[in-house]
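Input: a single structure, listed below in structure tokens.
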Amino acid sequence: MCSKTKLFPGQIPELAKCSVLMRDRSRVEDTIYAMQRAGAGRLQVISDFDMTLTRFAHNGKRVPTTHNILDHRLLIDEDCSKKIRELLNTYYPIEIDAGRTAEDKLPLMVEWWTQVHELLIQQRIRKELLAQAVKESSAMLREGYKVFFDRLTEQQVPLLIFSAGVGDVLEEVIRQNNVFHPNVHIISNYMDFDQTGVLRAFKGQLIHTFNKREGALSHASGLRVLQGRPNVLLLGDSLGDLTMADGVSEHQNILTIGFLNDQMDERKELYVKSFDVVLVKDETMEVPNAILKYITSSTDNKLDA
Ligand code: TMP
Ligand code: MG
């Protein structure tokens, strides 16, 4: 049985769903209320991409991450595909292991990403083929994604997508879903192509799941569009995603929402301790959309007045 929320009767009924867990319901409600009073003009949204904005699974099958979208015969050969899958089978269980600390996982994540990127570079991937690989993949954004992206655009709220995936693939996924709006900003691992359009390296410092804090401090903090927006709605599916707002100076209210996609029983306690709102096995954007609608509702009223 799940208990019903007492506050916001009728305003955010989605928070009463059985799949929503909160360590401190009244803190969540106070934060949402404070963010609503400050309005859309003071808000920024920072979100992870793979398995946060994209679905974890669909019809019982895993939805590919941006790295896994590259597992297409147009781009890589069978041997490379096999090696990348073996690496995934070795390192993904470590990434989500509730029994290991982030410090423990960090060097192993560097190993994983470095090996995959080296394998991809060896394949001499051609830039012009990325769009087709995305089109033919089973990549899927979460149900309700359009409402999410469109609302943020309408309200002129910047959305920072902070991803340890592959930026070029990520951009193509949101472009093909018609939501690559001007308020969307991306920090990710971008491919470096030579003059003939062949992959030769990855640009900048590697981003993996457990070093997002460094990226937040070095890149996000410098983004001018995010300045003067001390209220943050943060969305992620990994504990490492919680550091994505570490570059926000003089923040006032931060509400963190965590999608718990996998290893539910093992990780539930840790997630509830770490995120303000935990969404258990929820493949939709229903709850973030409801919170966002409420926070930005004062702007609606002003526009209506
Ligand atoms: P995210 O920061 O956008 O969630 O992207 C990182 C995810 O990508 C992380 O959960 C692990 C996953 N990943 C793969 O699926 N395959 C890979 O080869 C690598 C390196 C990462
Ligand atoms: Mg993720």
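All residue numbers in this chain count up from 1 along the given sequence. Remember, it's 1-based here, ligands and their atoms both numbered in the order they're listed.
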With heavy atoms of [X] as the reference, note each atom of ligand 1 found under 4.0 Å away.
X	answer
Gly165	3 (O), 5 (O)
Val116	18 (O)
Asn68	15 (O), 16 (N)
Leu88	14 (C), 15 (O), 16 (N)
Phe49	3 (O)
Met51	10 (O)

Test: Arg100 cationic atom under 6.0 Å from Phe210 six-membered ring centre, within 45° of axis: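 No; the conditions do not both hold, so Arg100 does not lie above the ring face of Phe210.
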Is the NZ or CZ atom of Arg142 positioned over Phe148's six-membered ring, under 6.0 angstrom from the centre and within 45° of the axis? no
Return the closest protein heavy atom for [atom] as residue, atom name and distance.
atom	value
atom 8 (O) of ligand 1	Asp50 OD2, 4.0 Å
atom 15 (O) of ligand 1	Thr65 OG1, 2.7 Å
atom 1 (P) of ligand 1	Asp48 OD1, 2.9 Å

Report the name of the N/O/S atom of Asp50 located nearest to the Mg ion (ligand 2). O
Relative to the Mg ion (ligand 2), which of the N, O or S atoms in Asp237 is the closest? OD1
Assess whether a salt bridge exists between [X] and [Y], defined as any Lys/Arg side-chain N lying under 4.0 Å from an Asp/Glu carboxylate O.
X	Y	value
Arg213	Asp246	yes
Asp276	Arg27	yes
Asp192	Arg200	yes
Glu14	Lys17	no

Min side-chain heavy-atom separation [X]-[Y] under 4.5 Å:
X	Y	answer
Thr65	Leu88	no
Lys281	Ser19	no
Leu141	Phe49	yes

Looking only at distance, does [X] have an N or O less than 3.5 Å from an N or O of ligand 1?
X	value
Ser163	yes
Glu95	yes
Ala164	yes

Looking at every heavy atom in both Phe259 and Thr284, which two are closest together, and how far apart are they?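 The pair with the smallest heavy-atom distance is CE2-O, 3.6 Å.
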Residue Asp48, metal the Mg ion (ligand 2), N/O/S under 2.8 Å: yes
Measuring from non-hydrogen atoms of Lys212 to any atom of ligand 1, is the shortest distance under 4.0 Å? yes
Could you walk me through whether Gln156 and Asn183 pass side-chain contact (heavy atoms from CB on, under 4.5 Å), step by step? CA-CA 7 Å; Gln156 298 175 19; Asn183 63 319; over 6 Å; no
With heavy atoms under 4.0 Å as the rule, classify the contact between Trp112 and ligand 1 as side chain, backbone, both or neither. side chain
